[in-house]
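Below is one structure, written out as structure tokens; the observations come after it.
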Amino acid sequence: MSLVRFYTGDSIPLELHKVRIVQKLDLVPVEQRARAMAEAGYNTFLLKNKDIYLDMLTDSGVNAMSDRQLAAMMIADDSYAGSATFTRLTDRLEEIFGTKYFLPAHQGRAAENILAMTFVKPGSVIPMNYHFTTTKAHITRLGGRVEELICDEGVKLTSSCPFKGNFDLEKLEELFRKEGGNIPFVRIEAGTNLIGGQPLSLENMLAVADIVHRHGSLVVMDASLLQDNLYFIKTREEMARDMTIRQITRMIADRMDIIYFSARKLGFARGGGICMHDKALFSKMRELVPMFEGFLTYGGMSVREMEAMTVGLEETMDPDVISQGPLFIQYMTDELIRLGVPVVTPPGGLGCHLDASRFIPQVRQEEYPAAALAAALFIAGGIRGMERGTVSEQREADGSEHLAAVELLRLALPRRVFTLSQVKYAVDRIKWLYDNRQLIGGLRFTDEPSSLRFFFGLLEPVSPWPESLVRAFRRDFGDSL
Ligand code: F0G
């Protein structure tokens, strides 16, 4: 994909696939978009698909599937126990990761539940480069504590650091000196989600594994976003230049004790699971699978999805497949930079991330700038993004607000789903919104759940700013959608 140069010098990502199944989309008028946003309590999770034009909420479970994946689904072996589909999946995982043991789970957070229930107890400390929402919720629910050891560049929103997801290795050593006995495992999150899909280097992953093993603890990789991270290792890291994606994957996997993943991302299907090399670890967690997920040979997944995942995992080893996401994200990010819109740099995986703090500096963090920007962009263009800022945090035990380190609006680019003209449309509406940014105001909760509030919480604007935005849209676009 990346090797095709245009004679005219254009820098455009060229698809190495063609579209064979499509889904009709509607773009509803701006007034209807504003109404839908209000009905959804200014929470993009609560919007209905019929009102959405570009669904950039997530890449989870919505990546396009290949013809080979769809074909594989037809031969799925539907049996409660001993399914041949499951054997095909475990064989593929062993071939890719070299791991002999696999526990299936219905999605990534279910794998996190099993890991947390096995290893976390009150007082446990779980170091990681950065938390993910569901990961942290499972750990804190059981009385554990998350320690984020991301390198300083990681939370700098504009940077030229190619591996912003890296651990600060000195902080990891120091934490082991202080808390050694309380650390059951260290979690490495590939393609670090909440800081903008930013990768870790191969070198950093291996160094973390060395430190952890020297201190007698376990190293666990969350490989949900590994595919993007593999692409960045291959294209940005000198030591990996001559390695294949398969070789890089194997070098990483050989040093991990446990690899878990959401197959809604890794494998372009829907499901998840936990891989390991060691039988004792497998036995320690095994009984939780039939208790919470399903029997050991499906773990709550449909056999069709497991077949699709088996093929999807193999396709993940193909640079033409895994480059599409990062190259589209780079295109979108570069276009927004050209237009002066504040975005997270360098472009990472998963999606393009707008920096809400610089986009609308007039909105205080207590009035949720990332959520306000998400609502405004939906009104402006029917584009659904995801708040990744203070609303996605949990309040402190004393009820005080936990202000997020970064206020981002994530615009996910599910792989092979959108065309370049749709990406250009999104860029256009974002630029319009940026030029009208003074109209955007903050939000406040009207109904705030105590945990994972970003999923169900209801909010309202602190002033009638959505109406002003609709009027400005009509002024500038006439009767256009
Ligand atoms: N770990 C990471 C790094 C994730 O990005 C996700 C999900 C999970 C674990 C949980 O997996 O959804 O299958 O239960 N991320 C989705 C997202 C929800 O939109 O970024 P899951």
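Atoms within a ligand are numbered from 1 in the order they appear, just like the ligands themselves. Heavy-atom basis, side chains included; hydrogens, waters and symmetry copies ignored.
- In terms of protein heavy-atom proximity, atom 13 (O) of ligand 1 is nearest to S262 OG, 2.6 Å.
- Where the criterion is an N or O separation shorter than 3.5 Å, residue side chain and backbone included, R109 meets it with respect to ligand 1.
- When only interatomic distances are considered, the shortest N/O to N/O separation between F132 and ligand 1 does not fall below 3.5 Å.
- Proximity to G108 (heavy-atom distance under 4.0 Å) selects the following atoms of ligand 1: 11 (O), 13 (O), 14 (O), 21 (P).
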Can I get a per-line list of side-chain donor-acceptor pairs under 3.5 Å for residues 183-192, giving both atom names and the distance, sequence neighbours left out?
residue: R187; atom: NE; partner: Y260; partner atom: OH; Å: 2.9
residue: R187; atom: NH1; partner: Y130; partner atom: O; Å: 3.2
residue: R187; atom: NH1; partner: E189; partner atom: OE1; Å: 3.2
residue: R187; atom: NH2; partner: T135; partner atom: OG1; Å: 3.3
residue: R187; atom: NH2; partner: E189; partner atom: OE1; Å: 2.7
residue: R187; atom: NH2; partner: D222; partner atom: OD2; Å: 2.8
residue: E189; atom: OE2; partner: N193; partner atom: N; Å: 2.7
residue: T192; atom: OG1; partner: N129; partner atom: ND2; Å: 3.4
residue: T192; atom: OG1; partner: E189; partner atom: O; Å: 3.4
residue: T192; atom: OG1; partner: Q198; partner atom: O; Å: 2.9

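- The side-chain tip of R416 points at the ring of F268 from less than 6.0 angstrom away and within 45° of straight on.
- From the protein, the heavy atom lying nearest to atom 21 (P) of ligand 1 is Q107 NE2, 3.3 Å.
- Atoms of ligand 1 found under 4.0 Å from any heavy atom of R264 (numbered from 1 in listed order, with element): 13 (O).
- Screening residues 372-389 for side-chain hydrogen bond (donor to acceptor under 3.5 Å, both in side chains) gives D55-R384, E387-S392, R388-S392 as the qualifying pairs, with residues at least two apart or on separate chains.
- Taking atom 17 (C) of ligand 1 as the reference point, the nearest protein heavy-atom neighbour is K265 NZ, 3.1 Å.
- Below 3.5 Å of separation, one finds an N or O of T58 facing an N or O of ligand 1.
- Between the side chains of E112 and H138, not a single donor N or O lies within less than 3.5 Å of an accepting N or O.
- Side chains of D257 and H213: a donor on one and an acceptor on the other come within 3.5 Å.
- Residue T134 has no nitrogen or oxygen atom sitting less than 3.5 Å from a nitrogen or oxygen atom of ligand 1, judged on distance alone.
- Set against the non-hydrogen atoms of M386, the atoms of ligand 1 under 4.0 Å away are 19 (O).
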Go through F86 and Y298 one step at a time and tell me if the ring-ring contact (aromatic ring centres under 6.0 Å, His included) criterion holds. CA-CA 7 Å; F86 184 72; Y298 70 94; 9.2 Å; no
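- Side-chain N/O atoms of E315 and S66 include a donor and acceptor closer than 3.5 Å.
- With hydrogens and angles disregarded, a donor-acceptor distance shorter than 3.5 Å links the side chain of S224 to the backbone of S262.
- Residue D222 has at least one N or O atom closer than 3.5 Å to an N or O atom of ligand 1.
- For R410, a nitrogen or oxygen atom sits less than 3.5 Å from a nitrogen or oxygen atom of ligand 1, counting backbone and side chain alike.
- Ligand-side atoms of ligand 1 in range of E189: 3 (C), range being under 4.0 angstrom from any heavy atom.
- Residue contacts with ligand 1: T135 is placed with no nitrogen or oxygen under 3.5 Å of a nitrogen or oxygen of the ligand (distance criterion only).
- R33 places a side-chain N or O within donor-acceptor distance of the main-chain N or O of A380, the cut-off being under 3.5 Å.
- For the pair R453 (side chain) and V391 (backbone), a donor-acceptor distance under 3.5 Å is present.
- Atom numbering of ligand 1 starts at 1 in the shown order; those under 4.0 Å from a heavy atom of E112 are 1 (N), 9 (C).
- Residue N193 places at least one N or O, backbone or side chain, under 3.5 Å from an N or O of ligand 1.
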